[in-house]
Number of protein chains: 2
Amino acid sequence: MNTTPAAIADSCLCLAVMRAARRTARRFDDALRPMGITSGQFSILVAIAASKGASLGEIADRMGMDRTTLTRNLKPLETEGVIATEADPDDARRRRLVLTQTGGALLTLATPHWQAAQKATEAQLAGPAAGARAILTEME
Amino acid sequence: MNTTPAAIADSCLCLAVMRAARRTARRFDDALRPMGITSGQFSILVAIAASKGASLGEIADRMGMDRTTLTRNLKPLETEGVIATEADPDDARRRRLVLTQTGGALLTLATPHWQAAQKATEAQLAGPAAGARAILTEME
DNA sequence: GCTTTATATGTGCAACTACACTCATAAGTC
DNA sequence: GACTTATGAGTGTAGTTGCACATATAAAGC
């Protein structure tokens, strides 16, 4: 394996995925800015809506995010009333996350903005976007 | 296009790339921890080494990173003497970034650690890693 | 040359990120 | 049931990220 700086810069998967992530996040942030939420907040809303009643740790895991990071990201969303937490009747340690009615409405309103960014990103991928997702999903 | 929350969670390229980026960064961070640098710092050293004399803005662009983020990330590296800035004789606005001798030595020592993380990440990709890189490179 | 515009960079601020540590509850062992 | 271990979550702290704004230099228009 060639380990000259130039070869590393060209081949490093960490740098490649970080660069792609930063650029993609900016695009989705721009698209969602009119709704007053970031791409990260939108992802949280989607993750919660897609898996009703999942615990904080499960959502964090699904997002590949540190659990404590999610804890803090939830705070403003909870304050604004778009998400809420429920006690788990079977396990007092768990916090089950749910979308409020307001949160559901916000998600519905934000979806077209997401869709625009999603389509733009897909359009830029030469191969099928499904292939890109498959690869990204493998990178865990 | 299906825009139910579950469908969005499954198809969203932003969420997918963010998740992959967080997980990959953690792996490279772990690998480089013995060297006392993060994956981001390693990437900066590589980018500077691979393009000698490039300006701050050029390096930031190459990394898909906000220019101001790079400015701040450079500060500790400069304090520790692994990178330095030179004046550009042709343009007084530009800061040309260079690796110091110490920085070059650090990069050499860190490279095997990077290589281990790189190989582990490549091994986990079912398809050829080159395909993953190509897709990530397209996501800009 | 002087004004206007463009470029390269730095700073204020606010939010995101995660490691180390702590606390509370559940599960397992005897 | 008491003790040990495992699990789910929150907080302290420190670093990362980037938008809005400000500054300095260069280039362009006249």
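Reckoned from all heavy atoms, side chains included, excluding hydrogens, waters and symmetry mates. Letters A, B, ... are given to chains in the order of the sequence lines, protein chains preceding strands, and every chain is numbered from 1.
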Start with the C-alpha gap between Arg94(A) and Glu86(A), add the side-chain angles, then the distance that decides, and say whether salt bridge (charged side-chain N to carboxylate O under 4.0 Å, His left out) holds. CA-CA 9 Å; Arg94(A) 292 158 61 90; Glu86(A) 295 176 344; over 6 Å; no
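- Across all strands shown, Asp29(B) has no heavy atoms under 4.0 Å from either base or sugar-phosphate atoms.
- Comparing Arg22(A) and Thr68(A) by the nucleotide of DNA chain D that holds the closest heavy atom to each, the one mapping nearer the 5' end is Thr68(A).
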Would you check, one step at a time, whether the test side-chain hydrogen bond (donor to acceptor under 3.5 Å, both in side chains) holds for Asp29(B) with Ser39(B)? CA-CA 5 Å; Asp29(B) 281 341; Ser39(B) 58; 2.9 Å; yes
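- Both Gln41(A) and Asp90(A) sit near DNA chain C, but only Gln41(A) has its closest nucleotide nearer the 5' end.
- Distance, Arg95(A) CZ to dT25(C) C1': 16 Å, rounded to whole Å.
- Atom CD in Glu78(A) sits about 13 Å away from atom C1' in dA9(D), given to the nearest Å.
- Counting non-hydrogen atoms under 4.0 angstrom, Arg96(B) reaches nothing in the nucleic acid.
- Here dA18(C) presents its P atom at 7 Å from CE of Met65(A), a figure rounded to the nearest Å.
- Using a 4.0 Å heavy-atom distance criterion, Arg72(B) is classed as a base contact.
- Not one side-chain nitrogen or oxygen of Lys75(A) sits closer than 4.0 Å to the OP1 or OP2 atom of dA9(D).
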Pair Lys75(B)-Glu80(B), salt bridge (charged side-chain N to carboxylate O under 4.0 Å, His left out): steps then yes or no: CA-CA 9 Å; Lys75(B) 195 164 292 180; Glu80(B) 289 179 22; over 6 Å; no
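- Using a 4.0 Å heavy-atom distance criterion, Arg67(A) is classed as a base contact.
- Across the protein-nucleic acid pair, Leu70(B) atom CG and dC19(D) atom C1' stand 16 Å apart, rounded to whole Å.
- With Arg27(B) contributing its side chain and Ala117(B) its backbone, the two residues share no donor-acceptor pair below 3.5 Å.
- The side chain of Thr71(B) contributes no N or O atom lying less than 4.0 Å from OP1 or OP2 of dT9(C).
- As a whole-Å value, the separation of Arg27(B) CZ from dA18(C) P is 15 Å.
- The side chain of Asn73(B) contributes an N or O atom lying less than 4.0 Å from OP1 or OP2 of dT17(D).
- Per the geometry, CG belonging to Asp88(B) stands 17 Å off P belonging to dT7(C), to the nearest Å.
- Nucleotide dA27(C) holds its C1' atom 14 Å from the CZ atom of Arg94(A), rounded to whole Å.
- Rounded to whole Å, the distance from CE on Met18(B) to P on dT17(D) is 10 Å.
- Nearest-nucleotide positions on DNA chain C for Asp30(B) and Pro76(A) put Pro76(A) closer to the 5' end.
- Listed nucleotides dC19(C), dG18(D), dA9(D) differ in distance to Leu56(A); the shortest reach to its side chain belongs to dA9(D).
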Test side-chain hydrogen bond (donor to acceptor under 3.5 Å, both in side chains) on Arg62(B) and Ser51(B) and set out the steps. CA-CA 10 Å; Arg62(B) 211 161 297 182; Ser51(B) 58; 3.1 Å; yes
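- Distance check: Leu77(A) CG to Leu106(A) CG gives 9.0 Å after rounding to the nearest 0.5 Å.
- Taking only distance into account, the side chain of Arg93(B) never meets the base of dT9(C) through a donor-acceptor pair shorter than 3.5 Å.
- Between Thr38(B) and Ser55(A), the one whose closest nucleotide on DNA chain D sits nearer the 5' end is Ser55(A).
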